[in-house]
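Here the structure is laid out as structure tokens; the discussion comes afterwards.
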Amino acid sequence: MKLTRRSLLLSVPLFGQGVSTRSVRPTPRGKASGVPFPARFTDVAKQAGLTIPTVYGAPHAKQYIVETTGCGVAFLDYDNDGWLDIFVLSGTRLDGAPAGATNRLYKNNRDGTFTDVTAKAGLQRTGWASAVCIGDYNNDGFDDLFVTYWGQNVLYRNNGDGTFTDVTKEAGLLHAERRWGSGCTFLDYDRDGKLDLFVANYVDFDPTKVPKPGQSANCNWKGIPVNCGPRGLTPGRHWLYHNNGDGTFSDVSERSGIAKARGSYGMTAVAADFDNDGWPDIYVACDSTASFLFRNKHDGTFEEIGLETGVALNEDGMEQAGMGLGVGDFNLDGSLDLFKTHFSDDTNVLYRNDGKGNFADVTIASGLGVETRFIGWGAGIVDLDNDGNPDLFFVTGSVYPEVEAKLPSYPFRTPRVIFRNLGGGKLEELMSEAGPAVAEAHASRGCAFGDFDNDGDLDVLILNLDEPPSLLRNDLPAGNNWLKVKLEGVKSNRTAIGARVIASYAGKRQAQTVLSQSSYYSVNDLRLHFGLGQAKSADLEIRWPNGDVEKVTGVEPNRLVYIKEGQGVTRQTPFPVKGPGA
């Protein structure tokens, strides 16, 4: 008998559970492979200067769902100095924002520490922030920020001098009614060289109309009164804005077909070419409902095909509580796969792409089904040990702080999780091999992957509710080779959002793409990172966002290569890079 989730369903019914509808037994763990995993993670946030807690609702009891979802983080190089800076979103509280509750921008000092430059940069703002996405919408060479809120979304133009300006109104993105903006992504859906903008919405939320904990079936979890939703609340709708090329955007949600997709609670959004036709599609992880895949029809319109292509539900046809998204090529076949995080008592899901945009649920077959204890959020398909096989990493944390006192097996703070890639489509969960910073318990939400210290491995930035963020420095010893690729568009958008790179090395073939948003409401390093194992060189095939294909062969490892559209490698930077005074 084929082992599926249906064969693992528990016979014990659940009480009214707002964000998950069933309970699944984990698959049995096999014998440990014994293969060494050299990556070790140390949380260096405190010594790096990341000491301000992220405020998001009341810390010990969540009256409304708006207090539970949390927000994202970003690795970005806002000043173009070659070093990753950090942007951390923030929430507030129902009775008003406490002192220090603001989004924060931290400049990388190039010595392992960061300086808070929020006020200087003009980015102070309070409210219920959700997601951040990045892209150079005006093609001036500096990456801009878009931040979603329960309330009013905000577009920040990067002025190129270390400051940002709120241009939401003049860009045509101000909306009169209150919305709950969730996932967002810049993309060039019509391939005209200018970044357009997609914005998902979670629920229509009005605290004066939502029941209190315990007042309806959607406000109880395992018999314990908890905040209500999302079930029982009205799903939000989704929006697409076309870049007019003059600093403004036009709402094309209806004309494009995006507005037709209704009935699901949208969360993280990613834009990538999933069917390998050279045009960006849009995937939205949806909470407790079917997820959406919008296929680009090349004429300015989209068709929602999540159900037909296998990414709306799991292999048993069940809805799941989709929150975070990892995008990458876990089985090294040159196509982009999807990793989606879900609720506790259910598996996260891994969808394998057949190269034509059709997906198979390989959660059980890959070994991912051994873990069902935690609520998953930020996620990535990323090579943490540079062996050439991308691993899976995700952060966790409950939405119900009240439950732990009565059900200790469902704590509010839970650990991070790594599934290392053994090759051949097989994954193995690591319990303690990656260091104590992975095993530490937090109520985490967004996370981002990038090399903040420019030493050639991937580090992890994590948002924790009511705590300072975590900065997991990867202390990977020398041994495996790697390559970083930074793209710059010319005919395509300058940030090269949507560009896909296939790296060929030592008989392997791995696809990656430049994403404006992924993980959970977060932004990864825009420099693509390929672990190469023992390979001494790599060949690169770049498909630019406008559809053009460019090839660069024989690239040496352990360096960052800059590739400008139509010009090949324009410069190379060997790593590690030492900062001032290092």
Problem - Candidate pair H242 and D190, rule side-chain hydrogen bond (donor to acceptor under 3.5 Å, both in side chains), full reasoning - result: CA-CA 9 Å; H242 179 260; D190 55 357; 2.8 Å; yes
Practice task
Evaluate side-chain contact (heavy atoms from CB on, under 4.5 Å) for F186 paired with D196, printing each intermediate quantity in order.
Solution key: CA-CA 6 Å; F186 285 105; D196 312 299; over 6 Å; no
Practice task
Please test D299 against K297 for salt bridge (charged side-chain N to carboxylate O under 4.0 Å, His left out), starting from the C-alpha separation and ending with a verdict.
Solution key: CA-CA 6 Å; D299 60 0; K297 297 176 67 177; 5.3 Å; no
Exercise for the section: Start with the C-alpha distance between I563 and I542, add both sets of side-chain angles, then the distance that settles side-chain contact (heavy atoms from CB on, under 4.5 Å), and finish with yes or no. Expected result: CA-CA 9 Å; I563 299 177; I542 303 104; 3.9 Å; yes
Practice task
Let me see the working for I502 and Q510 under side-chain contact (heavy atoms from CB on, under 4.5 Å), right down to the final yes or no.
Solution key: CA-CA 5 Å; I502 296 180; Q510 182 186 164; over 6 Å; no
Problem - CA sep, side-chain torsions, deciding dist, call: L89, V147, side-chain contact (heavy atoms from CB on, under 4.5 Å) - result: CA-CA 9 Å; L89 297 183; V147 181; 3.8 Å; yes
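Under a 3.5 Å cut-off, the side chain of Q152 and the backbone N or O of H175 do form a donor-acceptor pair. In terms of modelled atom types and a separation under 3.5 Å, the side chain of D281 and the main chain of N296 share a donor-acceptor contact. Under a 3.5 Å cut-off, the side chain of D140 and the backbone N or O of F142 do form a donor-acceptor pair. At distances below 3.5 Å, not a single donor-acceptor pair connects side-chain atoms of N546 with backbone N or O atoms of R191. In this structure, the side chain of T341 engages the main chain of G324 through a donor-acceptor pair within 3.5 Å. Judged purely by atom type and a 3.5 angstrom limit, T148 uses its side chain to pair as donor or acceptor with the backbone of A131. With hydrogens and angles ignored, the 3.5 Å screen pairs no side-chain donor or acceptor of D287 with any backbone N or O of Y265. Listed for the D525 side chain is no donor-acceptor partner under 3.5 Å among the backbone atoms of L76. Within the 3.5 Å criterion, the main-chain N or O of G456 finds a donor-acceptor partner in the side chain of N386. Without hydrogens or angle criteria, S519 side chain to A379 main chain gives a donor-acceptor distance under 3.5 Å.
Taking the side chain as every heavy atom from C-beta outward, I497 and L515 never approach each other to under 4.5 Å. Proximity of D77 to D85: side-chain heavy atoms (C-beta onward) are separated by under 4.5 Å at one or more points. Two residues are said to be in side-chain contact when any heavy atoms from C-beta on lie closer than 4.5 Å; D361 and L350 fail this criterion. Contact annotation: the side chain of F530 approaches that of V485 to within less than 4.5 Å [non-hydrogen atoms, C-beta and beyond]. Looking at S250 and Y241, their side chains never come closer than 4.5 Å, going by heavy atoms from C-beta outward. Contact of the Q517 side chain with the V132 side chain is not registered, since no non-hydrogen atoms from C-beta on lie closer than 4.5 Å. Taking the side chain as every heavy atom from C-beta outward, K486 and V561 never approach each other to under 4.5 Å. Counting heavy atoms from C-beta outward, K356 and D275 have side chains that stay 4.5 Å or more apart.
In this view, E308 satisfies the side-chain hydrogen bond (donor to acceptor under 3.5 Å, both in side chains) rule with no residue, not counting sequence neighbours. Under the salt bridge (charged side-chain N to carboxylate O under 4.0 Å, His left out) criterion, D451 pairs with K484, sequence neighbours left out. For F249, the ring-ring contact (aromatic ring centres under 6.0 Å, His included) criterion is met by Y137, not counting sequence neighbours. With sequence neighbours excluded, the residues satisfying side-chain hydrogen bond (donor to acceptor under 3.5 Å, both in side chains) with S470 are D43, R416, N464.
A side-chain donor from one of Q320 and D346 sits under 3.5 Å from a side-chain acceptor of the other. Side chains of S335 and D354: a donor-acceptor N/O pair is absent below 3.5 angstrom, by distance only. W239 and D251 share no side-chain donor-acceptor pair at under 3.5 Å. With no hydrogens or angles considered, no side-chain donor-acceptor pair links Q567 and E565 at under 3.5 Å. Of the N and O atoms on the side chains of H529 and D383, not one donor lies less than 3.5 Å from an acceptor on the other residue.
When all heavy atoms of T513 and A272 are compared, the closest pair comes out as CG2-CB, 4.1 Å. I462 approaches C447 most closely through the heavy-atom pair CG1-CB, 4.0 Å. Contact record, T268 with L325: O-CD1, 3.7 Å, taken as the closest heavy-atom pair. Minimum interatomic distance between S130 and S182 (heavy atoms only, all atoms of both residues): CB-CA, 4.3 Å. Minimum interatomic distance between E429 and V370 (heavy atoms only, all atoms of both residues): OE1-CG2, 3.6 Å. The nearest pair of heavy atoms linking P557 to N481 is CB-CB, 3.8 Å.
Classified by interplanar angle (parallel below 30°, tilted 30° to 60°, perpendicular above 60°), the ring pair F359/F274 is perpendicular. Note: F198 and F294 have tilted aromatic rings, judged against thresholds of 30 and 60 degrees for the angle between ring planes. In this structure, F449 and F393 have perpendicular ring planes: the angle between them is above 60°, well past the 30° mark. Between F164 and Y78, the ring planes lie tilted relative to each other; the angle falls in the 30° to 60° range.
For Y149 and W128, the distance between ring centers is not under 6.0 angstrom. Aromatic rings of F452 and W83 (six-membered ring for Trp) have centroids beyond the 6.0 Å cut-off, not under it.
Distance check, rounded to the nearest 0.5 Å: CG of L307 to CG of L293 gives 11.0 Å. Distance CG/L461 to CZ/F87: 12.0 Å, rounded to 0.5 Å. Residue R543 holds its CZ atom at 7.5 Å from CD of E541, rounded to the nearest 0.5 Å. Between D453 atom CG and D459 atom CG the span is 4.5 Å, to the nearest 0.5 Å. We find the OG-CG distance between S504 and L332 to be 10.5 Å, quoted to the nearest 0.5 Å. Rounded to the nearest 0.5 Å, atoms CG (L384) and CG (N421) are 10.5 Å apart.
In the displayed structure, R237 atom CZ is contacted under 6.0 Å by more than 12 heavy atoms of other residues, nucleotides or ligands.
For residues 297-340, the ring-ring contact (aromatic ring centres under 6.0 Å, His included) pairs, not counting sequence neighbours, are Y189-F302, W279-H298, F339-F394. A salt bridge (Lys or Arg N to Asp or Glu O under 4.0 Å) check over residues 491-505, counting only residues at least two apart or in different chains, returns the pairs E488-R494, K491-D548.
Annotation: cation-pi geometry not satisfied between R445 and Y520 (NZ/CZ under 6.0 angstrom from ring centroid, within 45° of ring axis).
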